[in-house]
Amino acid sequence: MKPTRPPLKSLDEALAELLAQALPLPGSVELDTFDADGRVLAQDLRSELQVPPQDNSSMDGYALCCADLDSAGGVLTVTQRIPAGSTGLALERGCAARIFTGAPIPAGADAVVMQEDCEAFCSTGATGATGALDQVRILVRPQPGQWIRRAGEDVRRGAVVLHAGTRLTAAALGLAASIGLDRLVLARAPRVALFSTGDELVMPGAIAPQQMRPGAIYNSNRFFLRALLKRLGCEVSDYGIVPDQRAATEQALRDASRSHDLILTSGGVSVGEEDHIKPAVQALGELNLWQIAIKPGKPFAYGRVGTTHFIGLPGNPVSSYITFLLLVRPFLLKLQGVRALQTQAQTLPAHFDWPRADPRREFLRVRRNAAGGLELFANQSSGVLTSAVWGDGLVDNPPGRRIAQGDAVQFISFAEFLA
Ligand code: AMP
Ligand code: MG
């Protein structure tokens, strides 16, 4: 009789276990706002001023008081010119101010008429460069408040514009700058030691494509893993390729565990004789999680070497990529104190058939089409990295589910993971 193996962990169970281990890293760093893209705030950002600071014009045109016009419009005397960056004087009755986008609204004005709805002219009748345009005929009567951006409509004084635990997007950097912050207090960058395993691996550049020996392949995982780690704000130490030997694997793990928060490996975590990661981690530390019921991505491992977290990703590039997105990404964000870790799925119709149900939860590489449906990349092999480049997301297919044309499926855009 075959020994019965315990069932594989589900993705949800594995993620919950992983996140329970990912306690926010102690300490914080202060960085220039310019350098904070993708990093996580360690403090709330509270505004000491209102944005915009004053009521201001959202058009190039004329600021006026609506009560000075009759129902058809009227003619007003232009007494001042207010470009952005300057402030005007209080507006007298019957007068208008030439005003430009972003310039403060002068006291006494309650609307802006855009220049396309006016005719400026000179009171002496002079035309061209000789005559100052000191009169304006308003052709379209404005509503009070028209084309005025209100003081504080973006940010109120004292408001928290961004909370601790927020990951900074480009727009968030702009918002921080808009309240005057040139330095930000951020969660410490996780220090990650990255290494690839596999005697078949060659670094691009080390050997030219025409000279590659049979059996050798280029190391692709190292490139996307490093890029993904950097985007998540990590400091990466790249240990390169570790040979498929137990002693070398242990040595690399031991070295890396001294000064990193996480050791991230790819490959060598299956059950073959050339897979040394699992026994090496067990010898030096502990392995808490091994293998998950997902496809691709079953050979995933989590453990510790000393106090350093260890995550072993599968060697197959698509498996490595997808397990990073599903598991490592939330883990690294949680280390930095991010609370919103959930990715959003959309329900969309499948424009393909997937007739073979799999007992594991599957993540299929698909692409949205112009008809609002999802197309499947023809080759879903875990070695075919083209699928992850061609696709713009994943179908999250529950265990045991077949898919037929038109079925509603759960789609997670890669943008959810790569933002
Ligand atoms: P392993 O998990 O070590 O058995 O590797 C599974 C498959 O992934 C094998 O076909 C390896 O050649 C391939 N592989 C492992 N590491 C990498 C890597 N860094 N880049 C590209 N392919 C890899
Ligand atoms: Mg290997």
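For ligands, and for the atoms within them, numbers begin at 1 and follow the listed sequence.
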The side chain to side chain donor-acceptor pair (under 3.5 Å) partners of Arg183 (sequence neighbours excluded) come to Glu30

Which side-chain N or O atoms in residues 208-218 pair as donor and acceptor under 3.5 Å with protein atoms at least two apart or in another chain?
residue	atom	partner	partner atom	Å
Arg213	NH2	Asp199	O	3.3
Tyr218	OH	Ile207	O	2.7

Is the ring pair Phe331/His309 parallel, tilted or perpendicular, if the boundaries are 30 and 60 degrees?
perpendicular

Within the 4.0 Å heavy-atom cut-off around ligand 1, the contacting residues, ordered by chain and number, are Thr197, Glu200, Leu201, Ile217, Tyr218, Asn219, Ser220, Asn221, Ser266, Gly267, Gly268, Asp275, Gly315, Asn316, Pro317

Show me the donor-acceptor pairs within less than 3.5 Å that the side chains of residues 109-119 make with the rest of the protein, sequence neighbours left out.
residue	atom	partner	partner atom	Å
Asp110	OD1	Cys66	N	2.9
Gln115	OE1	Arg98	NH1	3.1
Gln115	OE1	Arg98	NH2	2.8
Glu119	OE1	Arg137	NH1	3.1

Check: Gln410 and Val395 side chains under 4.5 Å, non-hydrogen atoms
no

Are Arg367 and Trp390 in a cation-pi setup, meaning NZ or CZ lies under 6.0 angstrom from the ring centre and within 45 degrees of the ring axis?
yes

